[in-house]
Amino acid sequence: MRWSKAFIPTKKEVPKETESVSHRLLLRAGLIKPLAAGIYTYLPLGWRVLKKIREIITKEMDRIGAQELLMPALTPSSIWKETGRWEEYGDEMFRLSDRKNSEMALAPTHEEIITTVIRDEIRSYRSLPQVWYQIQIKYRDEIRPRGAVLRARTFIMKDSYSFDRDRKGLDKSFSLHEEAYRRIFSLCGLTTTEVTAPIDIMGGSESKEFMIDSPSGEDRITVCPNCGLASNIEAISTLPSKANFKDGELEKIHTPVPGSVNEISRFLGLPPTQLMKSLLYMKDDKPIWIVIRGDYEINEEKLKREFEEIRIASEEEVKKLVGASIGYVSPIGSNYPVYADLSIKGIKGLVSGANEDDYHLKGINPERDMDIKDFVDIRIPEKGDLCPECHTELSWRNVIELGHIFKLGTKYSSSLGAFYLDENGKEKPIVMGSYGIGLERIMAAAIEQSHDERGIIWPKEITPYHLLILNLNASDSKGVALAEDLYRLLGKDYEVLYDDRKVRAGYKFNDADLIGIPLQIIIGSKGLEKGIIEIKNRKTGEAEEVPQKIAKEVVNRLWENL
RNA sequence: CGGGGCGUAGCGCAGCCGGGUUAGCGCGCCUGGUUCGGGACCAGGAGGUCGGCGGUUCGAAUCCGCCCGCCCCGACCA
């Protein structure tokens, strides 16, 4: 491709508030163009990258015996109502109606649709297993799109679905996908971390995410430096960091400051860890106590999972039921049931409210002083927490989720009636798995992982072009002749972008570094006289001076070694 | 949904507080010339419903109200 004819709208400036590296570089290098919040056009250069990623994925999916198909993005509401996700998905589903006023949705995912395909067509154990996949645009009305394509409202997803006779079959399909995903990300030039993941709206049992480190990532994972246990923080029950205080007698102390953990801890000169937060909740309209160590916060989701219908008591309720203000209360001397977070277990010498305004109790020994009904895990993990397996302090990383694989089980096959007949003529629900990869996220992650202050440095596997020929002086006829020759010669084996524009050298160098083609072939008048060209490695910045005649051999060698 | 920022030429921004000629600047674009190995320079030129609607006023980019859109943080969610 000649740059003079190509549409590559590079930019010197992008809005200053675009934060993430990939967001800025995707815009500056002319890979994407925003249409609306979270909706992007993929410009020619960006689309070339996505097509490369698509090819890699297709090849690896085919390798594990998956078959490609394509389902419609426009779907009737009836099918979502059968599984309950018409309601469950909420505002995140784009909804519309057709001319007859039938409700429709733009599919955010395709479990329902694919399950109807198999339920109508496959009735025998002899036809299983099956693995089907598609690469297609998904529609999700995200609460807050961000980081350009990192969380978009329309995005390209490879989604595959496995159909097996039993759990054992599912395990096989799942591990085939694990293998395929490992190969895909590695073939895209990326280093991923595999973590256990939460289950949430997809349903099912086991799930695993493929993550890549990035400060722009929205997800956080913990990795144990000792035993290697890796998990999304939403899917792990960590152990609280260690705390040990001197046991003592209960004693009332005057604390004439606001009753927040920070204020009390500063006033008493004690670490927040030594405080016990006492919170009054209403479960089924009856008060219960929840206590947690002062340096932790409650995870409302976990709380709901543990107690179902529960809400925090209002200020007035606390005053009425306990006789003191929020911040000065505790279960000690109160008869309501007490549930303690695991962070409270085994520690003594704590401080909490005295159930009297402006007073606290010190020397609290929870297991001595309170009638604890149960210990529960309801806190948000914090840095410093320990590995539940080997008790080592976990390390925390910010990551981008690139892929997610689920063992769904029979949730969708049962509710949609996808059954098969086994060897004994007995009807059984098909056991399913579902597996997804975000293509744009791979593109963005590659940029996040590989760039410098001058621009993108593409991994060779997904670079939009292999080689960039820079003819520095487009009006020097000797240089043009040489560039044209090389363009033809190298074009036989490589995808070549040829910068033939009549602009100054500096301009070309800057654009070249910005769009990040891994090898730059530089033709300038200086070298022409000596019969040499330069071949520069974008990543290392090293330039090799090469006699024109052996240019191709050197390119071959450098390309191999990239 | 809460908090913050923003919306003025294709892109990036100033002007707005204290309303008043023809709304500026940089980049980009067009024409001509000089330059030519890391985003050149000179001269000339094209390009604007100042996000929208309404109000105040002799007069609104500027003040007031409502709405729309974009970015960032959080909540939320995959």
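We name chains A, B, ... by the order of the sequence lines, and we start the count at 1 in each one. When reading the values below, keep in mind they use all heavy atoms of this one structure, side chains included, and skip hydrogens, waters and symmetry mates.
- A heavy atom closer than 4.0 Å to some atom of RNA chain B occurs in no member of residues 538-550 of chain A.
- Taking atom CD1 of residue Ile8(A) and atom C1' of nucleotide G10(B), one finds them 18 Å apart after rounding to whole Å.
- One interatomic measurement links the two molecules: CZ of Arg140(A) to C1' of C76(B), which rounds to 15 Å at whole-angstrom precision.
- Following rounding to the nearest Å, Glu142(A) (CD) and A75(B) (C1') show an atom-to-atom distance of 14 Å.
- For the pair Arg220(A) CZ and C76(B) P, the computed distance is 12 Å after rounding to whole Å.
- A salt bridge links Arg182(A) and Glu178(A); the closest N-O separation between the charged side-chain nitrogens and carboxylate oxygens is under 4.0 Å.
- C16(B) is unpaired under the criterion used here, namely a Watson-Crick or G-U wobble arrangement in which both key atom distances are under 3.5 Å.
- Here, A14(B) and C25(B) have their C1' atoms 7 Å apart, quoted to the whole Å.
- By the side-chain contact (heavy atoms from CB on, under 4.5 Å) test, Gln548(A) pairs with Leu482(A), Leu528(A), Ile533(A), sequence neighbours left out.
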Got a list of protein N/O to nucleotides 68-74 of chain B N/O distances below 3.5 Å?
residue, atom, partner, partner atom, Å
C70(B), OP1, Ala37(A), N, 2.6
C71(B), O2', Glu17(A), O, 3.1
C73(B), OP2, Arg144(A), NH1, 3.4
C73(B), OP2, Arg144(A), NH2, 2.6
C73(B), N4, Arg144(A), NE, 3.4

Between the protein and nucleotides 24-26 of chain B, list the N/O to N/O atom pairs that are separated by less than 3.5 angstrom.
residue, atom, partner, partner atom, Å
G26(B), N2, Glu13(A), OE1, 3.3

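- The CD atom of Glu92(A) sits 14 Å away from the P atom of C1(B) (whole-angstrom rounding).
- For the P atoms, the distance from A9(B) to G15(B) is 15 Å, rounded to whole Å.
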- Report the C-alpha separation of Asp377(A) and Ser237(A) in whole Å, then their side-chain angles, then the decisive distance to 0.1 Å, and conclude whether the side-chain hydrogen bond (donor to acceptor under 3.5 Å, both in side chains) test is met. CA-CA 7 Å; Asp377(A) 174 23; Ser237(A) 293; 2.6 Å; yes
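- Look at the P atom in both C67(B) and C1(B): the space between them is 12 Å, to the nearest Å.
- Among the protein residues, Arg151(A) comes within range of the nucleic acid bases, having at least one heavy atom under 4.0 Å from a base atom.
- The distance from atom OH of Tyr89(A) to atom C1' of C77(B) is 9 Å, rounded to the nearest whole Å.
- Here Trp47(A) pairs with nothing under the ring pair (Phe, Tyr, Trp, His ring centres under 6.0 Å) rule; sequence neighbours left out.
- Looking at Lys407(A) and Asp171(A), a side-chain N of the basic residue comes within less than 4.0 Å of a carboxylate O on the acidic one, giving a salt bridge.
- Ala418(A) pairs by the side-chain contact (heavy atoms from CB on, under 4.5 Å) definition with Thr115(A), Ile118(A), Arg119(A), Ser413(A), Ile430(A), not counting sequence neighbours.
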- Message: Please encode protein proximity along nucleotides 37-47 of chain B as a string of B, S and -, counting only heavy-atom distances under 4.0 Å.
- Response: BBBB-------
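- Judged by distance alone, the side chain of Gln136(A) and the main-chain N or O of Met71(A) form a donor-acceptor pair under 3.5 Å.
- Between Arg501(A) and Asp499(A), at least one side-chain N (NZ, or NE/NH1/NH2) sits under 4.0 Å from a carboxylate O, which counts as a salt bridge.
- With P as the reference atom, C73(B) and G55(B) are 39 Å apart, rounded to whole Å.
- The salt bridge (Lys or Arg N to Asp or Glu O under 4.0 Å) contacts involving residues 540-549 of chain A comprise Glu544(A)-Arg557(A), where partners must be two or more places apart or lie in separate chains.
- The same atom, C1', is picked in U62(B) and in G47(B); the two are 24 Å apart, to the nearest Å.
- Taking atom C1' on both nucleotides, G39(B) is separated from C11(B) by 15 Å, rounded to a whole Å.
- Among residues at least two apart or in separate chains, salt bridge (Lys or Arg N to Asp or Glu O under 4.0 Å) pairs with a member in residues 437-453 of chain A are Asp452(A)-Arg538(A).
- In this structure, G65(B) and C53(B) make a Watson-Crick or G-U wobble pair, each of the two defining distances being under 3.5 angstrom.
- In this entry the distance linking NZ of Lys502(A) with P of U35(B) reads 17 Å, nearest Å.
- Comparing the P positions of A23(B) and C66(B) gives an interatomic distance of 30 Å, to the nearest angstrom.
- Applying the side-chain contact (heavy atoms from CB on, under 4.5 Å) test to Ile380(A) and every residue at least two apart in sequence or in another chain returns Glu297(A), Asn299(A).
- With salt bridges taken as basic N to acidic carboxylate O contacts below 4.0 Å, one links Arg85(A) and Glu111(A).
- In this structure, G74(B) forms a base pair with C1(B), meeting either the Watson-Crick or the G-U wobble geometry with both donor-acceptor distances under 3.5 Å.
- The residues Asp385(A) and Lys383(A) are annotated as not salt-bridged, no charged nitrogen and carboxylate oxygen being separated by less than 4.0 angstrom.
- Figure legend. G44(B) is base-paired to C30(B); pairs are counted as Watson-Crick or G-U wobble with both atom distances under 3.5 Å.
- Applying the salt bridge (Lys or Arg N to Asp or Glu O under 4.0 Å) rule to pairs touching residues 29-50 of chain A yields Arg48(A)-Glu495(A), sequence neighbours excluded.
- Residue pairs meeting the ring pair (Phe, Tyr, Trp, His ring centres under 6.0 Å) criterion with at least one member in residues 132-154 of chain A, sequence neighbours excluded, are Trp132(A)-Phe163(A).
- Comparing the C1' positions of G2(B) and A75(B) gives a spacing of 8 Å, expressed to the nearest Å.
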